[in-house]
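A, B, ... follow the sequence lines: proteins, then strands. Residue 1 opens every chain.
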Amino acid sequence: MFPTDTMAQGHEGAEYGFAFLDEDAKRELRRSIFKAVCIPGHQVPYASREMPIARGFGTGGMQVTLALLGPRDCVKVIDQGADDSVNAANIRAFFSLTCPGVSGTTLTEAASVIQTRHRIPELPLRNDQILVFQVPYPDPLVLVEPNAATRRRMHGRADYARLWVKLYEDMVAFDEITISHRYPTRINGHYIIDPSPIPRYDVPKLHQADCLYLFGAGREKRIYAVPPHTDAIPITFADVPFTVEEFIDRKTGKRHCCRRCGATDSFLDEFPDEDGNRVFQCSDAAYCDSRLMQQEAAE
Amino acid sequence: MSVIDLPALWRPENHQALFRLILDATARPGQGADLSPHLGGAHAALGALATFCDNTQTLADLTGTLTDADWRFLDVARAPADQAAFILAQGSDAPTFQPRLGTLDAPEGGATLIVKVASLTEGQPLILTGPGIKTTTSLHVTGLAPDWLTARARWCADFPMGCDMVLADDTSVAILPRTTKITEG
Ligand SMILES: [Zn+2]
C-alpha cells in the first residue's frame with residue numbers, strides 16, 4: 001500500500017552530472033537559496049535554466065529540489081495532496097532518472113525533501129524536513145502594480161498600502177476577504193509573500209514551523225523562503241479575522257468527514273459520487289492512507 | 001584530472017553535502033554544523049567558500065591564508081572588501097572594512113562574510129534571537145574580537161539591507177543571518 005520505491009540503485013551516483021543541472025547552475029541556486037533564508041520572504045532572483053518540462057509545470061520547484069538533493073535523500077512529490085497524479089509521478093520519475101541513490105516515498109514522515117503543488121501535508125513537518133513549493137506567481141503586488149521595478153521598491157520599503165486598500169475594497173464588496181488560495185502573508189513583519197496556491201487552511205502552518213519552507217518560481221526566476229520559527233501572518237483587518245475552510249454541513253451543523261478514513265481534522269476535497277451526491281475526502285492522500293492502515297491494524 | 005582524482009573538498013558530492021549542512025545552520029542561526037566529513041582536512045571556512053564561489057563571484061581574502069591552489073580551485077575573481085560578494089576575514093582582527101550591504105530593492109547584494117574563529121564550542125555565550133530560533137539560543141565563540149559585534153549591529157541595522165556571517169572554526173560553522181539579534185550573555 002505504501003510503495004517506498006528505491007528509485008535507482010547504485011551509490012556511484014554522486015559523480016559529476018548528478019541531479020541533471022550542471023554544478024555552476026546548482027551553485028547559483030544554492031547561493032540564492034542561502035540569501036532567501038537570510039532575508040525571509042524576499043524574492044531572490046536567479047537565472048532559471050531550461051528544464052525538460054514546460055515552465056508552469058513546476059520548473060522553479062524542481063530546480064530548487066535538484067540543488068538540494070544528494071544520494072542520501074528521500075523525496076516525496078505531491079500535487080494537490082496526491083502522490084499519484086500525472087504531474088507528481090512525472091516529476092518523481094525525473095528525480096529518479098537524474099539523481100542516482102535518491103529514494104522516493106509517498107510517506108510524509110519518511111521524506112527528507114518534499115516538493116509540493118497546492119498543499120502542505122497534514123502531518124506536521126519536522127526540523128529535518130524541507131518543503132519545496134512550486135510557485136506559479138511569486139509576487140502578491142502584481143494585483144496592484146504592473147511594473148516590476150516599482151514592485152521591488154515597494155517590497156524593499158514594506159510599502160503595502162495599496163495591497164491593503166485592494167483587500168479592503170474586496171471586503172466591503174463581498175463582506176469577507178474572498179481570497180481562497182494564494183493568501184498574502186507577511187513574513188517576519190516585513191515582506192508580504194504569495195504562499196503559492198495553497199488553501200487558507202494551510203496558511204497557518206507557515207507560522208513558527210519546525211521545518212524550512214522554500215519557494216521556487218521558474219517563470220519569474222525567483223526563490224524565497226520562510227525559515228523555521230518565523231512569523232508568517234496572513235494580512236487581515238481588525239474587524240474581519242482570518243478564517244480557514246471549516247467544511248461545515250449546513251444541514252447538521254457538523255463538520256463533514258472523509259468518506260474513506262472518517263477524518264474530521266483534514267482538508268477535504270468535495271466532489272459528486274456515482275449517484276451525484278456531494279461527498280468529501282481527504283485531499284492529502286498519504287494522510288488518508290495512513291489513517292486507513294491504522295484502522296485496519298486495529299481491527 | 002578527472003573528477004575522481006579531485007581532492008575531496010572540490011568534488012561535487014561534497015559541495016552538495018556541505019550546502020545542506022550550511023543551509024540547515026542558516027535556517028537555525030547559532031546551531032553549529034560539523035563539516036569535517038566533507039572537507040578532506042581543509043578548514044571549514046574554505047569549505048563554505050567552495051560551496052558558494054565560482055567564476056561569477058568575487059572574493060576578498062583579508063586573512064592571506066588562501067593558497068594559489070585554493071584560488072585556482074575556487075576560480076573566483078579577487079575584489080576589494082568593499083566590493084566583494086564574499087569576504088574571508090580573521091575573527092581575532094577587528095574589522096576595518098565596510099562590506100556591501102545590498103540595497104532596499106536588492107538586499108541579496110549584501111556580502112557574505114566568512115570569519116575564522118578559534119572555537120565555536122568554548123567561550124562566553126552570545127544570546128541569539130530572531131527567525132529560525134524558537135525562543136533564544138546561545139552561541140559559544142572564542143577568537144572573535146568584540147568590535148565584530150558592534151560593526152555587525154551597525155551593518156544590519158536597516159533590514160532588509162545587511163550582511164550575513166558564517167563563523168568558522170577548523171571543522172564547523174555557525175551562521176548569523178542579518179536578521180539574528182545578538183546580546184552578550
Ligand atoms: Zn481520509
Check whether any side-chain heavy atom of [X] lies under 4.5 Å from a side-chain heavy atom of [Y], and answer yes or no.
X	Y	answer
B:Glu108	A:Ser32	no
B:Arg28	A:Pro228	yes
A:Ile130	B:Leu23	yes
B:Thr103	A:Arg152	no
A:Tyr191	B:Pro107	yes
A:Cys38	B:Thr179	no
A:Arg30	B:Arg20	no

* Spacing of B:Phe52 atom CZ and A:Glu28 atom CD [to the nearest 0.5 Å] -> 12.5 Å
* From B:Leu104 CG over to A:Arg153 CZ, what is the distance, rounded to the nearest 0.5 angstrom? -> 10.5 Å
Considering only heavy atoms, which portion of [X] lies under 4.5 Å from any heavy atom of chain B: side chain, backbone, both, or neither?
X	answer
A:Asp231	neither
A:His155	neither
A:Ala67	backbone

* Structure fact -> Bottom line for B:Phe19: the part with an atom under 4.5 Å from chain A's heavy atoms is side chain
* Using non-hydrogen atoms and a 4.5 Å limit, figure out which bit of B:Ala50 sits close to chain A: side chain, backbone, both or neither. => backbone
* To do: Answer yes or no: is there an ion pair linking A:Arg151 with B:Asp105, defined by an N-O contact shorter than 4.0 Å?
  => no
* Is the number of heavy atoms from other residues, nucleotides or ligands under 6.0 Å of A:Asp210 CG greater than 12? -> yes
* Asked: Crowded around A:Arg72 CZ? As in, over 12 foreign heavy atoms under 6.0 Å?
  -> no
* Structure fact -> Looking only at A:Asp73, A:Asp128, A:Val44, the option with the highest number of non-hydrogen pairs under 4.5 Å against chain B is A:Asp73
Name the member of [options] that forms the most heavy-atom pairs with chain A at distances under 4.5 Å.
options	answer
B:Thr51, B:Thr26, B:Leu176	B:Thr26
B:Thr135, B:Ile133, B:Ile175	B:Ile133
B:Gly132, B:Ala106, B:Pro177, B:Ala85	B:Gly132

* Structure fact -> Nearest heavy-atom approach of B:Gln16 to A:Leu68 is NE2-O, 2.7 Å
* Closest approach of B:Cys53 to A:Arg27 (non-hydrogen atoms, all atoms of both residues) -> O-CD, 3.2 Å
* Tell me yes or no: between the side chains of B:Thr56 and A:Arg31, is some donor less than 3.5 Å from an acceptor? => yes
* Report yes or no: do B:His15 and A:Glu23 form a side-chain donor-acceptor pair below 3.5 Å? => no
